Participant: 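I have a structure I would like to understand better, so I am pasting it below and will then ask my questions one at a time.
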Amino acid sequence: MAAARNKQIRHPLFARVYPRINAFAEAHGALEHRRELLAGATGRIVEIGAGSGANFRHYPPEVEQVIAIEPEPRLRALAERAAADCPVPVEIRAGRAEALPVPDASVDGVVASLVLCSIADVPATLAEAARVLRPGGYLYFYEHIRSTRPALARRQRIVNVVWPLLGGGCNLTRNPEPAITAAGFTIERARHFDFLINSRTTPSSPCVIGVARKASSPAE
Ligand SMILES: C[S@@+](CC[C@H](N)C(=O)[O-])C[C@H]1O[C@@H](n2cnc3c(N)ncnc32)[C@H](O)[C@@H]1O
C-alpha cells in the first residue's frame with residue numbers, strides 16, 4: 001500500500017536505454033503493433049506506464065484526450081516531450097498503475113502496452129483499470145507473455161532470473177489474460193503471435209494484442 005502511494009519508481013539505467021530498445025523493436029514490427037493496439041480507441045483514455053510516450057502519435061483522431069501515467073521520472077520527461085508533438089491532447093501525470101490518480105468511471109478506455117510485465121501488482125492494476133473505466137469501457141492491451149510451448153517457456157524461466165534486473169522490472173513469465181478475466185473484464189479480441197526479430201524467436205517473442213470490455217451493468 002505504501003508502495004502504491006509513492007508515485008516514483010526509479011530505473012535510471014533502464015530509462016536511458018529504453019528509447020533505443022523501443023526504436024529497435026519498432027523498426028522490427030512494434031510500430032505496427034502499436035497502431036493495431038490503438039486503432040479502435042475513442043473518447044477519453046488513460047494510458048498506464050506510458051514510458052517515453054511511444055504510443056502517443058498512434059492515437060486515432062476519435063480519441064479526445066489521453067491521461068498518461070508514468071512513475072519513472074526520466075521516462076516521464078521523455079513522455080512530456082512526445083506529448084508536445086502529437087495529434088491528440090496528452091496530459092502526463094506522475095503515478096502508479098496500482099493507485100491511478102483518476103476519478104471513478106471517468107474514462108472510455110485504458111491502454112496497457114508492454115507494462116503488465118513490469119508492474120508489481122497486476123490484480124491491483126486491473127482493479128484500478130476497472131474502477132476508472134465507465135461501464136462498457138475498454139481495456140486495450142499489448143503484452144509479451146509466457147509461451148505455451150514448453151521449451152520456450154523453460155528458456156523464458158531461465159532468462160527471467162536476470163531479465164527483471166536489466167529490464168526495469170520486466171518479467172518474461174507472466175500470463176495477463178487470466179488476470180484480466182479475473183478482474184471482471186470480458187476479452188472480446190486477442191491476437192496471439194510471435195514477435196520475431198530478424199526471423200528469430202527471442203524470450204519476449206510470444207505476444208498478445210487484444211481488447212477487453214468492462215461490463216455495462218453489475219448484472220451483466
Ligand atoms: C517496457 S516499459 C513500456 C513503456 C510503454 N508502455 C511502451 O509501450 O513503450 C514499462 C513501463 O512500465 C512502467 N511501470 C513500471 N511499474 C509501474 C507501475 N507500478 N505503475 C505504472 N507504470 C509502471 C515503467 O516505468 C515503464 O515506463
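These numbers come from the heavy atoms of this one structure, side chains and all, not from hydrogens, waters or symmetry mates. Numbering of residues begins at 1 and proceeds along the displayed sequence. Bear in mind the structure is a predicted one, so any value in this text is a computation, not a measurement. Start at 1 and go down the list; that is how both ligands and their atoms are numbered.
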Participant: Is R191 salt-bridged to E36, going by a charged N under 4.0 Å from an acidic O?
Facilitator: yes
Participant: I'd like to know if H11 contacts ligand 1, where contact means a heavy-atom distance under 4.0 Å to any ligand atom.
Facilitator: no
Participant: Mind checking whether V46 and V88 sit in one hydrophobic cluster, side chains of I, L, V, M, F, W, Y counted as touching below 4.5 Å?
Facilitator: no
Participant: Which of the atoms of ligand 1 are close to I9, meaning less than 4.0 Å from one of its heavy atoms?
Facilitator: 16 (N), 17 (C), 18 (C), 19 (N)
Participant: Applying a strict 4.0 Å limit to heavy atoms, is A50 in contact with ligand 1?
Facilitator: yes
Participant: Other residues, nucleotides and ligands only: do more than 12 of their heavy atoms fall within 6.0 Å of CZ on R16?
Facilitator: no
Participant: Taking distance alone, with no angle check, do R96 and ligand 1 share an N/O pair under 3.5 Å?
Facilitator: no
Participant: Give the residue, atom name and distance (to 0.1 Å) of the protein heavy atom nearest atom 12 (O) of ligand 1.
Facilitator: V115 CG2, 3.2 Å
Participant: Is there a continuous path of hydrophobic side-chain contacts, each under 4.5 Å between heavy atoms, that joins I119 to I45?
Facilitator: no
Participant: Please check if the number of heavy atoms outside D104 that lie under 6.0 Å from its CG is greater than 12.
Facilitator: yes
Participant: Using distance alone, determine whether E72 and ligand 1 share an N or O pair under 3.5 Å.
Facilitator: no
Participant: What I want to know is whether E70 and ligand 1 share at least one N or O pair that is separated by under 3.5 angstrom.
Facilitator: yes
Participant: With a 4.0 Å cut-off on N to O distance, would you call R57 and E26 a salt bridge?
Facilitator: yes
Participant: If you measure from each heavy atom of Y18 to ligand 1, is any distance below 4.0 Å?
Facilitator: yes
Participant: With a 4.0 Å cut-off, would you call D194 and R200 a salt bridge?
Facilitator: no
Participant: Identify the closest protein heavy atom to atom 1 (C) of ligand 1: which residue and atom is it, and at what distance?
Facilitator: L114 O, 3.3 Å
Participant: Flag the pair F14 / E72 as yes when at least one side-chain heavy-atom distance between them is below 4.5 Å, and no otherwise.
Facilitator: no
Participant: Kindly give the heavy-atom pair with the smallest separation between A130 and A183, and that separation in Å.
Facilitator: CB-O, 4.4 Å
Participant: Starting from atom 20 (N) of ligand 1, what is the nearest protein heavy atom, named by residue and atom, and what distance separates them?
Facilitator: A97 N, 2.8 Å
Participant: Among all the protein's non-hydrogen atoms, which is closest to atom 14 (N) of ligand 1, and how far away is it?
Facilitator: P71 CG, 4.1 Å
Participant: Looking only at heavy atoms of G168, does any of them come nearer than 4.0 Å to an atom of ligand 1?
Facilitator: no
Participant: Ring centres of H33 and F193 under 6.0 Å apart?
Facilitator: yes
Participant: Tell me the protein heavy atom at minimum distance from atom 18 (C) of ligand 1, and give that distance in Å.
Facilitator: I119 CG1, 3.5 Å
Participant: Can a salt bridge be assigned to the pair D108 and R44 using a cut-off of 4.0 Å between side-chain N and carboxylate O?
Facilitator: no
Participant: Would you say L38 and V107 are hydrophobically clustered, going by side-chain heavy atoms of ILVMFWY under 4.5 Å?
Facilitator: no
Participant: Closer than 4.0 Å to some heavy atom of S113 - which atoms of ligand 1 meet that?
Facilitator: 3 (C), 5 (C), 6 (N), 7 (C), 8 (O)
Participant: Can you list the atoms of ligand 1 that are under 4.0 Å from a heavy atom of E98?
Facilitator: 18 (C), 19 (N), 20 (N)
Participant: Just let me know how T125 lines up against ligand 1, side chain, backbone, both or neither, with a heavy-atom cut-off below 4.0 Å.
Facilitator: neither
Participant: Tell me, please: is I69 in heavy-atom contact with ligand 1, that is, under 4.0 Å?
Facilitator: no
Participant: Does G49 reach ligand 1 with a nitrogen or oxygen that is under 3.5 Å from one of the ligand's nitrogen or oxygen atoms?
Facilitator: yes
Participant: What protein heavy atom sits nearest atom 15 (C) of ligand 1, and how far off is it?
Facilitator: S118 CB, 4.1 Å
